[in-house]
There are 2 protein chains.
Amino acid sequence: MTKRALLQDDHPCRDCSVSTESLCCALDADALSDFRNQGGTICLAAGEPLFHQGDLADCVFSVTSGVVKLNAILPDGRRQVVTFLFPGDFVGLEMNDRHEFSAEAVSDTRLCRFLKGRFERFADRYPALAAARYRRAASELASAHQKIVMLGRKTAAERLASFLTDVHRRIGTAEVSGAKLVPLPMSRGDIADYLGLTKETVSREFTRLRTSRIIRPRSVTLVEILDPQRMRELAFGIAA
Amino acid sequence: MTKRALLQDDHPCRDCSVSTESLCCALDADALSDFRNQGGTICLAAGEPLFHQGDLADCVFSVTSGVVKLNAILPDGRRQVVTFLFPGDFVGLEMNDRHEFSAEAVSDTRLCRFLKGRFERFADRYPALAAARYRRAASELASAHQKIVMLGRKTAAERLASFLTDVHRRIGTAEVSGAKLVPLPMSRGDIADYLGLTKETVSREFTRLRTSRIIRPRSVTLVEILDPQRMRELAFGIAA
DNA sequence: ATCGAGGCTTGATCTACATCATTCCCGCAG
DNA sequence: CTGCGGGAATGATGTAGATCAAGCCTCGAT
């Protein structure tokens, strides 16, 4: 069941492309029309920043299309991509006054902006909205925990397999006609910084997956998963 | 301001030792007395499990004293401590039906148990409870993000410094008479599995911190921070 | 068509941390 | 006090992945 189906015809988010998980589903048309047009929509070209480490965090954003990365930078320049955010994800759920990390569009991106204070008041008034927001945060927490396991204990090959599996789950094409396609809008450097590796290692692991016939790169930004079974085993740390 | 000060004299959680952050503060005495005695209290000796990977996740727990660890185990035995939970923290905030990780008492521990379904209904009825729960999840998410940076990009020395800083913030003694003491109820192996290292490396880094006069171990389970400044610099990745 | 720049891949070497192997320490039972 | 057992520390060696250094596509500008 798509989100579209859940909304009345005159629902102002009817044309919003994000999934059922979207917070807007938690509100009826009247409440929503009051709620939504407070922050407006934001469009970013690939590479454009949404905010920087240290900026005032008075807004929450919902990604409606494109991909955003959350970036941490250590004083000496080491970089860690904390998370990639896909359509349906929220940016800025943390409750700090200032952003701990910077956010940047990976590909051309559209977002909905919500003022935090207003969000709070609506959450108090509409339990369904509060519940949806909580569910989002809990699910972000669950994937952060998975990522901790990956960074703490998995090998380079396992990390890349986990990554491809995750991205496929989030924005990959379904198994129509047997082809599992994974778009990779981010650079190898971004993937490396996400996996806690270097771009050289990521590159090498890509070619290992290719020569093992587990993936077939259609281009730099699109890979086909040839052997989902072995891919999953690698991702979970089962393979030899 | 302590939590105690916020609660009426007849508040049933008046004697609960956890901080202001506790969810109970979000409820008045009547609502709370209805709410609390549904799950009861749990006492665990050091080493006892609270639940296992795969168990039905129908409860949420609040740590009131002691320390709990969340454990991930890969098929071949590699282990990752996803997080340590200190008094005031919640266990099982994730929304999955089954636990992704196992939970085990590190030291003798007391917890409050809440039934998830009941929790949900109360959250819908009391916005303040929902908000407090959300704040908890958001703060867990923020520290998970910090941990991702640590595991992805910090050196062994930096990881240990980060860890000691964090533990001090959570359960260390204040700077009375200049002595910053950090209790370490968990084993070196647990610390290693938390930091994505081996116990040998953790041990070596402890002695390096000692020989650099940054810490002075009072015993295996209690260290004094001699140079908080350099400690913090190390933790943030500033040191050479 | 040609050039150039930036990102990707591949190769050679280096190193931080893992692994394997003792030894040490300390609490505890006798 | 003495001997024992398990965690912690230390030492010797191995290795996954980092770093350094070329080449090599790809695509857009000329």
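Chain identifiers are assigned alphabetically (A, B, ...) following the order of the sequence lines, protein sequences preceding nucleic acid strands; residue numbering begins at 1 within each chain.
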_Selection from dG17(D), dA12(C), dG11(D) that lies nearest to any side-chain heavy atom of Glu200(B)_ = dG11(D)

_What is the separation between atom CG on Leu209(A) and atom P on dC8(C), rounded to the nearest whole Å?_
17 Å

*Whole angstrom value for the distance that separates P of dC8(C) from CD of Glu205(A)*: 16 Å

*Hey, is the side chain of Arg208(B) pairing donor to acceptor with the base of dT10(D) inside 3.5 Å?*
no

*Under 4.0 Å between a side-chain N/O of Thr201(B) and OP1 or OP2 of dA18(C), yes or no?*
yes

*Which distance, rounded to the nearest 0.5 Å, do you find between the CD of Gln80(B) and the CZ of Arg153(A)?*
5.5 Å

*Whole Å only: how far is the CG atom of Leu197(A) from the P atom of dT19(D)?*
11 Å

_Ser187(A) vs Arg153(A), nearer the 5' end of DNA chain C by closest nucleotide_ = Ser187(A)

*For Tyr194(A), does its backbone N or O pair with a side-chain atom of Lys147(A) as donor and acceptor, under 3.5 Å?*
yes

*Which part of the nucleic acid, if any, lies within reach of Arg159(B) when heavy atoms closer than 4.0 Å are counted: base, sugar-phosphate only, or nothing?*
nothing

*Should Leu234(A) and Leu209(A) be marked as a side-chain contact (heavy atoms from CB on, under 4.5 Å) after you check the CA-CA gap, both sets of side-chain angles, and the distance that decides it?*
CA-CA 10 Å; Leu234(A) 235 195; Leu209(A) 286 179; 3.7 Å; yes

*Whole Å only: how far is the NZ atom of Lys199(B) from the P atom of dA9(D)?*
11 Å

_Atom-to-atom span, CE of Met186(A) to P of dG7(C) - whole angstrom_ = 16 Å

*dG7(C) P sits how many Å from Asp193(A) CG, rounded?*
13 Å

*Expressed in angstrom and rounded to an integer, what is the separation of Glu158(B) atom CD from dA16(C) atom C1'?*
12 Å

*Integer-rounded Å distance: dG11(D) P and Arg204(B) CZ*: 9 Å

*Using a cut-off of less than 4.0 Å, is there contact between a side-chain N or O of Ser203(B) and OP1 or OP2 of dT10(D)?*
no

*Just by distance, do the side chain of Thr109(B) and the backbone of Ser107(B) share a donor-acceptor pair under 3.5 Å?*
yes

*May I ask you to say what Thr198(B) touches in the nucleic acid, namely base, sugar-phosphate or nothing, with a heavy-atom cut-off under 4.0 Å?*
base

*Could you work out which one of dT10(C), dC17(C), dT19(C) sits closest to the side chain of Arg210(A)?*
dT10(C)

*Go through dT19(D), dA8(D), dA18(C) for me and flag the one nearest to the Arg188(B) side chain.*
dA8(D)

_If I take atom CG from residue Asp193(A) and atom CZ from residue Arg78(A), how far apart are they, to the nearest 0.5 angstrom?_
12.0 Å

*asked:* Among dT9(C), dG11(D), dG17(D), which nucleotide has an atom closest to any side-chain atom of Ala156(A)?
replied: dG17(D)

